[in-house]
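Please read the structure below before turning to the comments.
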Amino acid sequence: MSDASLSTLAAQLAAKQVSSRELAQVYLDRIAALNPAINAFITVDPDKTLLEAAGADVRIAAGNAGPLTGIPVAHKDIFCTDGWLTTCGSKMLSNFVAPYDATVIERFKAAGMPSLGKTNMDEFAMGSSNETSYFGAVKNPWNLAYVPGGSSGGAAACVAARMAPAATGTDTGGSIRQPAALTGITGLKPTYGLVSRYGMIAFASSLDQAGPMALSAEDCALLLNAMTGFDPRDSTSLEREKEDYTRDLEKPLAGLRVGLPREFFAEGLNNEVAAAVDAAVAELKKLGATPVEISLANSKLAIPVYYVLAPAEASSNLSRFDGVRYGYRAPDYANLDDMYCKTRAQGFGAEVKRRILIGAYVLSHGYYDAYYLQAQKIRRLIADDFSEAFKTCDVILGPTAPGTAFKLGEKSDDPVEMYLNDLYTIPANLAGLPGMSLPCGFDTKGLPIGLQLVGNYFSEAKMLNVAHQYQRATDWHAHAPEGLK
Ligand code: GLN
């Protein structure tokens with residue numbers, strides 16, 4: 001049952017073959033058995049989950065069910081969730097019980113999806129390995145000595161280990177796609193502004209976007225249907241008509257032009273990943289697609305640009321954590337200034353402090369023009385490259401990450417080496433474009449390889465169409481890590 005698609009689960013619920021409570025219990029049992037080794041969840045509260053499931057059962061019995069009613073979902077611990085501990089992976093919020101629901105949470109509740117708990121993540125979503133969490137590293141279900149990717153590593157690992165049929169994630173520079181790639185699941189970062197950021201703890205507001213993580217593109221489409229929509233409480237939320245993201249899933253791919261960015265297949269790309277991506281291109285050709293070579297020349301500047309802009313925004317966003325209003329406060333201090341200093345010194349981990357320092361520096365009077373302003377200009381050039389590319393192709397394809405999962409601890413002492421993981425994912429965030437990752441093979445160590453699709457603005461339905469057709473023709477997404485039963 002834990003391998004079933006969301007539509008299969010919905011059909012079983014509708015046919016009364018299983019109740020929402022029973023279904024939630026299946027996943028809660030797997031969490032109890034597997035989470036101690038994987039550490040994908042920060043908070044699990046079976047009583048709350050089962051209460052929400054009972055509510056879904058009432059709704060199903062009354063004939064009021066939507067397409068996802070009764071199916072449980074796990075939420076990244078970055079979303080404020082009424083009455084639940086919401087930590088953002090940080091000591092700073094280790095005692096914070098949110099007094100309200102983020103819009104994403106509210107929407108999933110409205111869809112009738114019980115929450116399975118809050119998933120582990122890199123502290124304040126800063127990281128690519130899920131090793132910066134105050135609550136300890138998440139382990140990759142395919143091999144517990146390896147990282148699951150980050151920052152939505154808990155979300156990715158819980159879906160990969162079938163501890164949840166679906167999860168929410170957020171992606172500022174790749175945090176949905178990169179962990180999806182490293183754990184062999186499917187994840188989608190929508191066009192910036194499509195999903196409300198209200199109640200989602202801010203990292204870099206101009207880049208942050210929430211999206212679904214699940215076992216297939218079809219499941220992601222159903223979840224995206226529940227997540228999107230205008231929200232007046234988020235000033236960057238887009239006022240657009242609601243779309244049905246499942247509408248194009250079954251379209252044939254004949255005539256599709258797939259752009260292959262020259263720069264994404266160059267130096268730095270692992271050979272096994274390159275081979276798997278090439279095989280995926282060949283598969284899409286069989287399905288009627290035509291590869292087109294494109295160039296994203298400025299994408300080589302994406303990492304330096306991101307590591308100016310994201311820390312700049314983070315340093316401003318994280319100034320609210322001062323020990324006064326909520327979260328952690330240092331126990332001993334001499335005066336107000338001392339309280340601020342000690343609270344922030346003790347409450348934030350090393351990576352978060354590094355970003356705050358960089359951010360404050362690039363925004364400072366003497367360096368603003370040289371760094372921040374310059375980075376904004378290059379951000380525009382990167383977005384312009386994509387606009388140019390989409391004149392000759394319908395969707396862009398490449399690797400999600402330059403390699404497969406790496407060992408726990410392998411890159412934690414070298415921030416730059418860690419940052420390079422997001423080489424291929426960050427450009428889409430800088431441009432505000434939608435992107436997704438789906439499994440396309442395994443390396444010789446048996447670790448999953450991710451294929452990335454980047455679409456033009458609002459082309460989620462097309463990307464999901466491409467991914468779904470690929471998943472109908474292949475079975476990479478159906479593999480489950482062994483030895484976890
Ligand atoms: N790995 C990137 C970082 O550390 C992206 C994180 C994210 O997308 N939240 O900032």
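Order of appearance sets the numbers: ligands from 1, and atoms from 1 within every ligand.
For atom 2 (C) of ligand 1, the nearest protein heavy atom (residue, atom name, distance) is Asp422 OD2, 3.1 Å. Among protein heavy atoms, the minimum distance from atom 10 (O) of ligand 1 is reached at Tyr306 OH, 2.6 Å. Protein heavy atom at the shortest distance from atom 7 (C) of ligand 1 is Ser175 OG, 2.4 Å.
Remark: aromatic rings of Trp476 and Tyr470 are distant, center separation not under 6.0 Å. In this structure, the ring of Tyr361 has its center no less than 6.0 angstrom from the ring center of Tyr368. Taking the six-membered ring for Trp, Phe321 and Phe124 have ring centres closer than 6.0 Å.
Atoms of ligand 1 lying under 4.0 Å from any heavy atom of Tyr307, numbered from 1 in the order shown and given with element: 2 (C), 3 (C), 4 (O), 10 (O). Near Ala125, with a cut-off below 4.0 Å to any heavy atom, the atoms of ligand 1 are 6 (C), 7 (C), 9 (N). For ligand 1, the atoms closer than 4.0 angstrom to any heavy atom of Ser151 are 9 (N). Every atom of ligand 1 is numbered from 1 in the order shown, and the set under 4.0 Å from a heavy atom of Asp171 is 8 (O). Counting atoms of ligand 1 from 1 in the listed order, those under 4.0 Å from a heavy atom of Met126 are 4 (O). Atoms of ligand 1 found under 4.0 Å from any heavy atom of Gly173, numbered from 1 in the order shown, are 5 (C), 7 (C), 8 (O). Ligand 1 places these atoms under 4.0 Å from at least one heavy atom of Gly127: 1 (N), 2 (C), 3 (C), 4 (O), 6 (C).
Both the sub-6.0 Å distance and the 45° axial angle are satisfied by Lys91 relative to the ring of Tyr328. For the pair Arg240 and Phe458, the cation sits on the ring face: its NZ or CZ lies under 6.0 Å from the ring centre, inside 45° of the axis.
Only the side chain of Arg355 comes within 4.0 Å of ligand 1, judged by heavy-atom distances.
Residue Phe203 has no nitrogen or oxygen atom sitting less than 3.5 Å from a nitrogen or oxygen atom of ligand 1, judged on distance alone. Every N/O-N/O distance between Gly150 and ligand 1 stays at or above 3.5 Å. Where the criterion is an N or O separation shorter than 3.5 Å, residue side chain and backbone included, Thr172 meets it with respect to ligand 1.
Using a 4.0 Å cut-off between charged nitrogen and carboxylate oxygen, Arg262 and Glu293 count as a salt-bridge pair. Glu351 and Arg354 are joined by a salt bridge, as a carboxylate oxygen and a charged side-chain nitrogen come within less than 4.0 angstrom of each other.
For the residue pair Ser133/Asp122, the side-chain donor-acceptor check at 3.5 Å is not satisfied. Remark: the Asp77 side chain and the Asn120 side chain contain no N/O donor-acceptor pair separated by less than 3.5 Å.
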